[in-house]
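Numbers restart at 1 for each chain; the letters A, B, ... are given by sequence-line order, proteins then strands.
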Amino acid sequence: MDRPRLGRRAGVPVRPRRAPPGSRGADARRRPRLSLLRLGRSSRRCARPAQAEGRAPRYDGRWRDRPASDAPEGRAPAIRLKAPTEGETVVDDLVQGRVVIPNKDLDDLVLLRSDGTPTYMLAVVVDDHDMGVTHVIRGVDHLTNAARQTQIYQALGWDVPKMAHIPLIHGPDGAKLSKRHGALGVEAYREMGFLPAALRNYLARLGWSHGDDEIFSTEQAVEWFDIGSVGRSAARFDQVKLSNLNGHYMRETPDADLLAAFRTALPFLPGGEAAAAKLDATGRWDAFALALPGLKERAKTLVELLDGARFLTDERPLAMEPAAEQLLTPEARSLLAATHQGLAALPEWSAADAEAVVRRVAEHAGVKLGAVAQPLRAALTGRKTSPGIFDVLAALGREESLGRIEDQARQIQKV
RNA sequence: GCUCCCAUCGUCUAGCGGUCUAGGACGUCGCCCUCUCACGGCGAAAACAGGGGUUCGAGUCCCCUUGGGAGCGCCA
């Protein structure tokens with residue numbers, strides 16, 4: 001099989017940074033191969049003359065061509081690669097194309113520290129070679145490293161694996177993604193209520209495309225993906241678009257599956273623990289399941305879903321949002337009283353039957369449906385917006401619904 | 001400073017010399033649907049960074065400018 005073998009992700013160490021001197025790891029890694037290298041050695045202090053001018057410090061090669069016998073006594077030297085000074089090093093990159101770096105700009109990198117432990121550059125090369133890694137895919141920030149590592153491969157006489165350096169993702173403001181600019185771990189996206197499939201879909205589309213396809217499953221992405229169609233320019237992370245995509249996924253996910261996803265994500269959502277406890281204690285999960293179709297239509301994230309479902313666990317008497325309070329005029333309250341009467345007489349409790357009652361109340365009063373539905377929404381949810389009011393009625397159930405309506409209708413007397 | 005990379009609507013992108021009066025998606029703005037908010041439907045505004053070439057013909061190829069980005073540790 002010609003399956004690509006990928007090594008560690010860039011930046012993720014596979015072993016302790018510094019293996020204890022004499023440990024197997026460090027030793028095994030430096031003993032046999034280094035004899036193959038053309039080595040330079042260096043003094044401990046590397047000159048940093050140009051720092052003040054803003055130029056990066058480079059090894060000046062002071063020990064490069066001197067015999068080992070010249071080395072000062074009692075000083076542990078670092079071992080550097082004796083890199084070519086002429087010509088150029090070529091990285092044939094699957095994404096970046098043919099990248100040519102002049103050798104004069106690459107200095108002799110350290111292979112072994114003065115304490116004998118290998119550096120990242122050496123370790124990666126040796127490791128990848130030992131593991132039979134065929135493809136190295138990482139961010140463009142490693143492009144220069146690719147050239148340096150290529151030099152090590154060449155010095156060792158090993159085949160260079162295929163390289164692909166993909167663009168970095170930038171923040172919404174165009175600055176590079178940093179801790180301050182939204183560089184977050186996956187857990188953060190879970191806490192924000194994003195579905196894994198939606199996040200994968202969004203991320204896949206960043207810097208890569210398959211014609212005009214915007215929404216595709218992970219399986220399709222795997223099938224379609226082609227490293228060659230990865231672009232070379234950096235993309236900005238757009239959380240609004242992620243949200244839109246997530247909303248799409250929520251709507252498309254079958255209720256049972258979404259419910260399961262919600263339950264597993266709940267402990268990670270802000271206030272989720274408390275909400276879960278409440279849902280468990282009040283036995284309102286059934287109501288939640290009933291309301292889910294209407295709820296998911298209105299939510300872009302699981303966090304919004306949770307918020308939308310709050311009316312299910314709120315307890316009587318409901319706290320009214322100011323906007324909802326305004327809906328409850330004296331006229332509205334008397335309409336609620338009439339609605340309560342009609343609803344209470346219902347032999348069956350269903351969304352359809354409730355709708356018939358409410359429409360009849362509106363008709364008799366000579367008002368539009370909204371004039372009854374809006375106050376009803378306020379009474380039932382304490383808010384100005386919610387899923388369809390008949391679905392709310394159905395989800396809440398007869399007893400709770402009538403109780404909440406009564407709470408508000410009753411206040412007519414007080415006015 | 002040196003080296004390398006990038007450049008199409010606000011954003012993600014399609015485009016791989018003629019099919020581009022530049023397509024799609026998110027966002028924005030209208031209209032419709034409607035018990036609210038959403039969803040959905042319809043429609044609109046919105047881009048080839050600038051300048052030189054090459055070519056019968058350039059968003060597509062080359063060069064320069066400008067603007068972004070990355071790298072330049074005995075860090076990974």
Within the 4.0 Å heavy-atom criterion, would you say [X] contacts the bases, only the backbone, or no part of the nucleic acid?
{"X": "L327(A)", "value": "nothing"}
{"X": "S209(A)", "value": "sugar-phosphate"}
{"X": "G294(A)", "value": "nothing"}
{"X": "L206(A)", "value": "sugar-phosphate"}
{"X": "R236(A)", "value": "sugar-phosphate"}

Check whether the side chains of N246(A) and T301(A) place a donor and an acceptor atom closer than 3.5 Å, and report yes or no. no
Exercise: do D159(A) and Y153(A) side chains pair donor with acceptor under 3.5 Å: no
Polar pair under 3.5 Å, donor/acceptor by atom type, side chain [X], base [N]:
{"X": "K300(A)", "N": "rA38(B)", "value": "no"}
{"X": "D212(A)", "N": "rG23(B)", "value": "yes"}
{"X": "N145(A)", "N": "rA76(B)", "value": "yes"}
{"X": "R298(A)", "N": "rC37(B)", "value": "yes"}
{"X": "R377(A)", "N": "rC35(B)", "value": "yes"}
{"X": "S114(A)", "N": "rC74(B)", "value": "yes"}

How close or far is atom [atom2] of [N] from atom [atom1] of [X], stated in whole angstroms?
{"X": "H165(A)", "N": "rC6(B)", "atom1": "NE2", "atom2": "C1'", "value": "16 Å"}
{"X": "H142(A)", "N": "rC72(B)", "atom1": "NE2", "atom2": "P", "value": "9 Å"}
{"X": "R138(A)", "N": "rA70(B)", "atom1": "CZ", "atom2": "P", "value": "17 Å"}
{"X": "Y202(A)", "N": "rG27(B)", "atom1": "OH", "atom2": "P", "value": "12 Å"}
{"X": "Y59(A)", "N": "rC72(B)", "atom1": "OH", "atom2": "C1'", "value": "17 Å"}
{"X": "D391(A)", "N": "rC39(B)", "atom1": "CG", "atom2": "P", "value": "17 Å"}
{"X": "L242(A)", "N": "rU13(B)", "atom1": "CG", "atom2": "C1'", "value": "16 Å"}
{"X": "I169(A)", "N": "rC5(B)", "atom1": "CD1", "atom2": "P", "value": "22 Å"}

Ring pair (Phe, Tyr, Trp, His ring centres under 6.0 Å) evaluation trace for F262(A) with F288(A): CA-CA 11 Å; F262(A) 179 72; F288(A) 183 89; 4.8 Å; yes
For [N] versus [M], give the span between their [atom1] atoms, rounded off to a whole number of Å.
{"N": "rU21(B)", "M": "rG59(B)", "atom1": "P", "result": "9 Å"}
{"N": "rU55(B)", "M": "rC63(B)", "atom1": "C1'", "result": "16 Å"}
{"N": "rC39(B)", "M": "rA7(B)", "atom1": "C1'", "result": "37 Å"}

Give none if [N] has no partner; otherwise give the nucleotide forming a Watson-Crick or G-U wobble pair with it, both distances under 3.5 Å.
{"N": "rU11(B)", "result": "rA25(B)"}
{"N": "rU3(B)", "result": "rA70(B)"}
{"N": "rU54(B)", "result": "none"}
{"N": "rU60(B)", "result": "none"}
{"N": "rC16(B)", "result": "none"}
{"N": "rC42(B)", "result": "rG30(B)"}

Ring pair (Phe, Tyr, Trp, His ring centres under 6.0 Å) between Y202(A) and F194(A), intermediate numbers included: CA-CA 11 Å; Y202(A) 176 71; F194(A) 292 110; 8.9 Å; no
Which nucleotide in the set [options] lies at the smallest distance from any side-chain heavy atom of [X]?
{"X": "H170(A)", "options": "rU13(B), rC35(B), rG69(B)", "result": "rG69(B)"}
{"X": "L369(A)", "options": "rC35(B), rA25(B), rC5(B)", "result": "rC35(B)"}
{"X": "A78(A)", "options": "rC35(B), rC74(B), rC12(B)", "result": "rC74(B)"}
{"X": "K241(A)", "options": "rC74(B), rC26(B), rC4(B)", "result": "rC26(B)"}
{"X": "E297(A)", "options": "rC39(B), rU13(B), rU3(B)", "result": "rC39(B)"}
{"X": "R232(A)", "options": "rC72(B), rC6(B), rC12(B)", "result": "rC6(B)"}

Taking E214(A) first and then K241(A), would you say they form a salt bridge - that is, a charged N and a carboxylate O separated by under 4.0 Å?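 Yes, E214(A) and K241(A) are salt-bridged.
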Heavy-atom nearest nucleotide on RNA chain B for V240(A) versus S233(A): which residue maps closer to 5'?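 In this pair, the answer is S233(A).
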Closest-nucleotide 5' rank along RNA chain B - winner of G211(A) and T144(A): G211(A)
Do T381(A) side-chain atoms and S386(A) backbone N/O form a donor-acceptor pair below 3.5 Å? no
Treating D93(A) as the side-chain partner and R98(A) as the backbone partner, does any N or O pair qualify as donor plus acceptor under 3.5 Å?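 Checked: no pair found.
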Under 6.0 Å from the ring centre and within 45 degrees of the ring axis: does the NZ or CZ of R383(A) meet both conditions for the six-membered ring of F311(A)? no
Think [X] has a side-chain N or O under 4.0 angstrom from the OP1 or OP2 of [N]?
{"X": "R359(A)", "N": "rC35(B)", "value": "yes"}
{"X": "R383(A)", "N": "rU36(B)", "value": "no"}
{"X": "N244(A)", "N": "rG27(B)", "value": "yes"}
{"X": "R251(A)", "N": "rG40(B)", "value": "yes"}

